[in-house]
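In what follows, every chain begins at residue 1, and chains take the letters A, B, ... in the order their sequences are listed. If you're wondering where the values come from, they're calculated on a predicted model, not measured in any experiment.
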Amino acid sequence: MKTTEPSLDIVRQFFLEENPNPERVGCPPEETLKAAAENRLPVNDPARLHMADCSECFAEYRGYRLDWESKQAAKRRVIEWAVAASLLTGVAGGAFALRHHFGSNEAPQQIAINTPPNNNVTGPPRVDVPRTPPAKQEDPHKPTRLEPRPPRHSSGGTPPVENPPIDTRPIEIPTPAPATDNDELVAAVLDLRANQVPSGPPRARKESFTLPASNLKLRVILPPTTQQGVYTLRLTRDINGQDVLASATSEAHIEDGVVSLDVKMLLRGKAAGSYYLLVAPKGHGEPKIYDVLIVADEPSSRIK
Amino acid sequence: MGHALLFLIDRQGRALAPRLRAAVESAYRWAAHDYPNVDSSLLATWAEQVGAFMADKEPPVESPRRYASAALQTKIREHFRSSGSREISLGTDQELDAKARPELQSARDIERQVLFRELRSQLSERDRQIFILLQQDVTSPQGIASSLGISYSAAGKAVQRLRERLQTILNSRPTPISGKEHDEDD
């Protein structure tokens, strides 16, 4: 019954006036009343019941009680502010850490360069290279030199890790190896059942076939009159079969009445332009010639 | 709770010692909280009088806090006992509103006296002890039983009986008494 209602205020005033004891007969010491006000006095202490018969002690107790409640409220406010401040600090720190550790895509490269060389492994030191497609390079056979990454500044970054001294010499990147079976191949279909270039000059060009400048897993559909056997495909700049850009050999097979063969044509890095595709039985025979237009590779058009 | 700035000085105009000042301010805070129906400026005037008296007292007061509390309580008690003559005797300027309506103030004081008489006659010794324990946050029947030396069930029943009696007494009042006088008059 914490009396905050006005009606109970009157009842409390009744106890504050009803039992005057100006001579303070039988009153407990101040410290006892203070202990009762601060909930430090045992429940069965007789001083608690004394206040029912002494208005002065009850008034004194009320004064201590209000002071104690004010102090408790102040403590609660301080704690609430402290908790709020720590939460804010934690959230800000967490956000900073998250942003710093996970928000930067460059962090792995920096770590790779700073990693001390492993003496148990032979070969050039490992370097993370930016993933730029080699097809975009003007000359893929030209060695690329990377400048060492400048050290990170303390502002907006983690403090530098104390690692062995960084080798700042330019690092030479090995020449890209020729395309192999492990390279990414782009599936494509070249249907030659039409648009063969008429033999004999002058040649009136028809509509060209289009191929992307990529390493192709190419299915070539040959004209229906083509017989089974091994064929050689040459992509040339010259209609006479000179200046070969790429070539491949494969066996034609018939499936559901369609004659086709599968070859790999490594066209990655080749210059876009107009070429000739010469398809001839291996070893002998007159080639059939087709116009082919090689265009720059567009990743969005790739079929994996 | 009304707040007032206390000018705590002795009769020579010197500031009170910190120990006396703290005791008077604490007593004033208690009075302003527990007597919301008394004008806070009146309480402040009494507190200043108590402070000045304590500063001049010879020999010095040993327990300023206890003294200030008891002295202020005595002034409040006298204030209510002399309610019949208060309208024509003295008062601060802030009492002008109350002095303008002496009949209403007298009615309140009479009503208060009637209520006290009811409480005096209706509440037993056990009821008074339980109320005081409840005021000390001893609210569980177990704590009350331990303090009064009675059984748990008896303590529970005693608390319930006290609540019912207080409810009956307070509900029998014709009009509310407590609260600030000027608030009720508006």
Just so I know, are the side chains of [X] and [Y] near enough to count as touching, which here means a heavy-atom distance under 4.5 Å?
| X | Y | value |
| --- | --- | --- |
| B:H33 | A:R62 | yes |
| A:L16 | B:I76 | no |
| A:Q13 | B:F116 | yes |
| B:T74 | A:P22 | no |
| A:D9 | B:D34 | no |

Task: Listed partners of A:E38 passing salt bridge (charged side-chain N to carboxylate O under 4.0 Å, His left out), at least two apart - done: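 Testing A:E38 for salt bridge (charged side-chain N to carboxylate O under 4.0 Å, His left out), a comparison that skips the adjacent residues, returns A:R40.
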Quick one about B:S26 and A:D67 (side-chain donor to acceptor, distance below 3.5 Å, no hydrogens or angles considered), yes or no?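 Per modelled atom types, A:D67 and B:S26 side chains form a pair under 3.5 Å.
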Determine whether more than 12 heavy atoms belonging to other residues, nucleotides or ligands lie under 6.0 Å from atom [atom1] of [X].
| X | atom1 | answer |
| --- | --- | --- |
| B:K57 | NZ | yes |
| A:K217 | NZ | no |
| B:Q49 | CD | yes |

Between [X] and [Y], which heavy-atom pair has the shortest distance, and what is it?
| X | Y | value |
| --- | --- | --- |
| B:Q136 | A:Y61 | CA-OH, 3.0 Å |
| A:N19 | B:R128 | OD1-NH1, 4.0 Å |
| B:G143 | A:V43 | O-CG1, 3.0 Å |
| A:A59 | B:W30 | CB-CZ2, 3.5 Å |

Distance-only check: which donor-acceptor pairs under 3.5 Å involve side-chain atoms of residues 148-160 of chain B, not counting sequence neighbours?
unit_1	atom_1	unit_2	atom_2	d
B:S151	OG	B:S153	OG	3.4
B:S151	OG	B:A154	N	3.1
B:Q160	NE2	B:E164	OE2	3.3

**Any pair counted as side-chain hydrogen bond (donor to acceptor under 3.5 Å, both in side chains), so long as it reaches residues 5-19 of chain B, sequence neighbours left out** =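 For residues 5-19 of chain B: B:D10-B:R14, B:R11-B:D56, B:Q12-B:R14.
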*Stepwise, does the salt bridge (Lys or Arg N to Asp or Glu O under 4.0 Å) test hold for B:R66 with A:E30?*
CA-CA 7 Å; B:R66 172 167 279 189; A:E30 281 181 278; 5.1 Å; no
Open item on the list: Before you tell me yes or no, could you show the steps for B:R120 and A:E18 under salt bridge (Lys or Arg N to Asp or Glu O under 4.0 Å), namely the whole-Å CA-CA distance, both residues' side-chain angles and the distance that decides it to 0.1 Å?
Closed with: CA-CA 8 Å; B:R120 197 176 298 122; A:E18 179 64 12; 2.5 Å; yes
**Prompt:** Which residue, B:R77, B:R112, B:R81, B:Q73, forms the side-chain hydrogen bond (donor to acceptor under 3.5 Å, both in side chains) with A:E17?
**Reply:**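 When side-chain hydrogen bond (donor to acceptor under 3.5 Å, both in side chains) is applied between A:E17 and each of B:R77, B:R112, B:R81, B:Q73, only B:R112 qualifies.
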In terms of heavy-atom proximity below 4.5 Å to chain A, should B:L119 be classed as side chain, backbone, both, or neither?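 Both backbone and side chain.
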Where does the angle between the aromatic ring planes of B:F131 and A:F15 fall among parallel (under 30°), tilted (30 to 60°) and perpendicular (over 60°)?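 Judged by the thresholds at 30° and 60°, the geometry between B:F131 and A:F15 is parallel.
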What's the spacing between [X] [atom1] and [Y] [atom2] if we round to 0.5 Å?
| X | Y | atom1 | atom2 | result |
| --- | --- | --- | --- | --- |
| B:I169 | A:I10 | CD1 | CD1 | 13.0 Å |
| B:S147 | A:N44 | OG | CG | 6.5 Å |
| A:R48 | B:I132 | CZ | CD1 | 11.5 Å |

Please state whether the side chain, the backbone, both or neither of [X] comes within less than 4.5 Å of a heavy atom of chain B.
| X | value |
| --- | --- |
| A:L41 | neither |
| A:N39 | side chain |
| A:S55 | both |
| A:P42 | neither |

Chain B contact residues among residues 78-91 of chain A, heavy-atom distance under 4.5 Å: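 At a heavy-atom separation under 4.5 Å, chain B is reached by no residue of residues 78-91 of chain A.
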